[in-house]
Amino acid sequence: DDVWIGAGAIILDGIEIACGAVIGAGAVVTKNVAAYDIVAGNPAKVVRNRKIHAKKSRNTELTSELERFETKVRAQLFRIREYYTDKTNDRTIIVDQPGMSSGIRPFCDLVELFGLFFSDVDNYFSEDYFRKIQQFQKVSIDYDVLTVGYALEVSQRKLLRSFAVEQEVGENLLEYLKGLPWQENPWGAGAAVDHLGTALYFNNKYFENQNQLISTLFGWLFSAQNQDTGLWGSGDNGDLHLPVNGFYRLTRGTYLTFDHEIPNCEKAVDSLLRQAKNRKYFGENRGNACDVLDIIQPLWSCKKQTNYRYHEGTEWAYGQIERILNNWHDNRGFSFELEQNNVPTLQGTEMGLAILFYLCDYVGLRQAINFEPKGVHRI
């Protein structure tokens, strides 16, 4: 696949030449040649790697652009906060976009947005603000386990009460897990595991030992993983959109939260890259915050375990970096759709910046952006 062999080259019996390699004219190849390596001489030795060389050039070009972007965002941060703060009717509320009613998530998203840039978020919010977030906490398990729990963790505050895990899952955790909609809605099933794993994490950290439930959860996940795709659940007629999005949610709240290696990682990478090439969800200027995050964050996680198909992943990631940088709205942030013709939101802004971090770190550009996600999207 995309291999070039120069005139007069000699390749010994049994040698394997991987995709993208170049064999120089007259070379005598006595050893296997790795993907995208350029070899020459007798015996043939590696001169350079096509992808690494191209990557270094591309990173040099992008570094200054990313540094300018980070400086601009940091300078606009407080105006962005004002834009999403509604002070009407003698009260202050945080909204996802002006004119909307408030909710739990915008209050927490704002903390995480500032947490991207500052380690001491206490200096930028009042004690009443964090007290309000503490009062938002429910004992039931849903997405607010993440929003409230992590906003408080970013501010180095704790939850007021434990989550009612046993009440939510019933007496038998295994039966609860089996009963999730893995086939008809693998995203929903993955999200439920994300909520459960995060609740167990916070309960274990602040209140009571729940190691037995955590061990049971990981044991079931290991046995239930699809060995062909590396995901949980299956796609509809070959569409991996929901299984991939569910994979992100599931692994975020379990394998990443508890610092475990993701099993069957190379199969998962195959599925992630297959979905990344799906033109229905990703195109010239297409790919919303959820869909991009649900590809790059798992690719980033798997990269810690394997270099498998890494060069293909970087090609996709570079395209997303360039697209996202062009879709910033001054003093407003990102839209959830990560497009200029859509309305920017607080959720889109926090997610978009977290996504940009993962994309940059994945391709080796972490040094160009002086921020790092914390809370829900922490590394």
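- Clustering of Ile, Leu, Val, Met, Phe, Trp and Tyr by side-chain heavy atoms under 4.5 Å joins Ile5 with Val3, Ile10, Ile11, Leu12, Ile15, Ile17, Ile23, Val28, Val29, Val33, Val39, Val46.
- There is no path of hydrophobic side-chain contacts, each under 4.5 Å, that joins Trp187 to Leu196.
- When every heavy atom of Asn59 is checked against every heavy atom of Val363, the shortest pair comes out as ND2-O, 3.1 Å.
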side-chain contact (heavy atoms from CB on, under 4.5 Å) evaluation trace for Ile80 with Leu113: CA-CA 10 Å; Ile80 290 171; Leu113 177 60; 4.2 Å; yes
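- Summarising the geometry, atom CZ belonging to Phe130 is positioned 10.0 Å from atom CD belonging to Gln156; distances are rounded to the nearest 0.5 Å.
- Residues passing the ring-ring contact (aromatic ring centres under 6.0 Å, His included) test with Phe336, sequence neighbours excluded: none.
- Minimum interatomic distance between Lys87 and Thr92 (heavy atoms only, all atoms of both residues): CG-OG1, 3.9 Å.
- Here the closest non-hydrogen pair linking Pro106 and Asp96 is CG-N, 3.8 Å.
- Glu82 and Arg79 are not joined by a salt bridge, as no carboxylate oxygen comes within less than 4.0 angstrom of a charged side-chain nitrogen.
- Hydrophobic clustering (ILVMFWY, side-chain heavy atoms < 4.5 Å, transitive): Ile324 and Val343 are in distinct clusters.
- Sorted by first and then second residue, the ring pair (Phe, Tyr, Trp, His ring centres under 6.0 Å) pairs involving residues 140-180 (not counting sequence neighbours) are Tyr150-Phe202.
- Side chain of Gln137 to backbone of Gly149: no donor-acceptor contact under 3.5 angstrom is found.
- In this structure, a donor-acceptor pair under 3.5 Å is absent between the side chains of Asn226 and Asn264.
- Checked against Tyr310 for a ring-ring contact (aromatic ring centres under 6.0 Å, His included), the options Tyr362, Tyr36, Trp300, Trp316 give a single hit: Tyr362.
- Arg252 and His377 are not linked by any side-chain donor-acceptor pair at a separation below 3.5 angstrom, with hydrogens and angles left out of the test.
- Within a 6.0 Å sphere centred on CD of Glu261, heavy atoms belonging to other residues, nucleotides or ligands number 12 at most.
- Scanning both residues, Gly313 and Leu273, for their nearest heavy atoms gives CA-CD2, 3.8 Å.
- The cationic atom of Lys303 (NZ for Lys, CZ for Arg) does not lie both less than 6.0 Å from the six-membered ring centre of Tyr308 and within 45° of the ring axis.
- Taking Ile, Leu, Val, Met, Phe, Trp and Tyr as members and joining any whose side-chain heavy atoms lie under 4.5 Å apart, directly or through other members, Val139 forms no hydrophobic cluster with any other residue.
- Side chains of Leu325 and Ile321 form a contact here, defined as non-hydrogen atoms less than 4.5 Å apart.
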Pair Asn327-Asn342, side-chain hydrogen bond (donor to acceptor under 3.5 Å, both in side chains): steps then yes or no: CA-CA 9 Å; Asn327 284 309; Asn342 290 93; over 6 Å; no
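- Between Arg309 and Asp270 there is a salt bridge, with a side-chain nitrogen of the basic residue lying less than 4.0 Å from a carboxylate oxygen of the acidic one.
- The shortest side-chain heavy-atom distance between Phe334 and Glu339 does not fall under the 4.5 Å cut-off.
- Counting heavy atoms from C-beta outward, Gln347 and Arg105 have side chains that approach closer than 4.5 Å.
- A search for salt bridge (charged side-chain N to carboxylate O under 4.0 Å, His left out) contacts involving Glu322 returns Arg58, not counting sequence neighbours.
- Looking at residues two or more places apart in sequence or on another chain, you find a side chain to side chain contact (heavy atoms under 4.5 Å, CB included) between Trp220 and Leu174, Leu177, Lys178, Trp182, Ser223, Ala224.
- Of all heavy-atom pairs spanning Ala192 and Leu180, the tightest one is CB-CD2, 3.9 Å.
- Contact annotation: the side chain of Lys267 never approaches that of Thr229 to less than 4.5 Å [non-hydrogen atoms, C-beta and beyond].
- Surrounding NZ of Lys158 are more than 12 heavy atoms belonging to other residues, nucleotides or ligands, all under 6.0 Å away.
- Expressed to the nearest 0.5 Å, how far CG of Leu231 lies from CG of Leu272 amounts to 6.5 Å.
- When the salt bridge (charged side-chain N to carboxylate O under 4.0 Å, His left out) test is applied to Glu127, the partners found at least two apart in sequence or on another chain are Arg157.
- Tested against Ile133 for a side-chain contact (heavy atoms from CB on, under 4.5 Å), the candidates Val148, Leu159, Ile104, Thr147 yield a single pass: Val148.
- With sequence neighbours excluded, the residues that form a side chain to side chain contact (heavy atoms under 4.5 Å, CB included) with Glu16 are Asn32.
- Checked against ring-ring contact (aromatic ring centres under 6.0 Å, His included), His329 has no partners two or more places apart in sequence or in another chain.
- Under the 6.0 Å distance and 45° angle rule, Arg81 counts as a cation-pi partner of Phe125.
- Under the rule for a salt bridge (charged side-chain N to carboxylate O under 4.0 Å, His left out), the partners of Asp361 that lie at least two apart in sequence or sit in another chain are Arg366.
- With hydrogens and angles disregarded, no donor-acceptor distance shorter than 3.5 Å links the side chain of Lys374 to the backbone of Val154.
- Arg274 and Glu312 are not joined by a salt bridge, as no carboxylate oxygen comes within less than 4.0 angstrom of a charged side-chain nitrogen.
- Partners of Asp144 according to the salt bridge (charged side-chain N to carboxylate O under 4.0 Å, His left out) rule, which considers only residues two or more places apart in sequence or in another chain, are Lys138.
- For the residue pair Tyr281/Asp239, the side-chain donor-acceptor check at 3.5 Å is satisfied.
- A donor and an acceptor atom, one from each side chain of Tyr358 and Gln320, are nowhere located under 3.5 Å apart.
- Considering only heavy atoms from C-beta on, Val165 comes within 4.5 Å of Ile141 through its side chain.
- When atom types are taken as modelled, the side chain of Asn203 and the backbone of Glu208 share no donor-acceptor pair closer than 3.5 angstrom.
- In terms of hydrophobic clustering, with Ile, Leu, Val, Met, Phe, Trp and Tyr side chains grouped at heavy-atom distances under 4.5 Å, Leu173 and Phe222 are assigned to different clusters.
- Cluster annotation: Leu242 is not connected to Val244 through the hydrophobic network of ILVMFWY side chains, with a link wherever side-chain heavy atoms come within less than 4.5 Å.
- Electrostatic pairing of Arg378 and Glu112 does not count as a salt bridge here, judged by no charged N lying under 4.0 Å from a carboxylate O.
- Side chain to side chain, His241 and Asp291 meet the donor-acceptor criterion of an N or O pair below 3.5 Å.
- Between Pro43 and Lys31 there is no side-chain heavy-atom pair separated by less than 4.5 Å.
- Evaluation of the ring-ring contact (aromatic ring centres under 6.0 Å, His included) rule for Phe218 yields Tyr255, Phe258, His260 as partners, not counting sequence neighbours.
- Ring geometry for Phe78 against Phe114 counts as perpendicular: the plane angle is over 60°, on a 0 to 90° scale with 30° as the lower cut.
- The heavy-atom pair separating Leu356 from Phe69 by the smallest distance is CD2-CE2, 3.4 Å.
- Separation of atoms CD (Gln297) and CG (Leu359) is listed at 11.0 Å; rounding is to 0.5 Å.
- In the hydrophobic cluster analysis, where Ile, Leu, Val, Met, Phe, Trp and Tyr join through side-chain heavy atoms closer than 4.5 angstrom, Leu353 is grouped together with Ile379.
- For the pair Tyr84 and Met100, the minimum side-chain heavy-atom distance is 4.5 Å or more.
- Between Leu221 and Gln225, the closest side-chain pair of non-hydrogen atoms is not below 4.5 Å.
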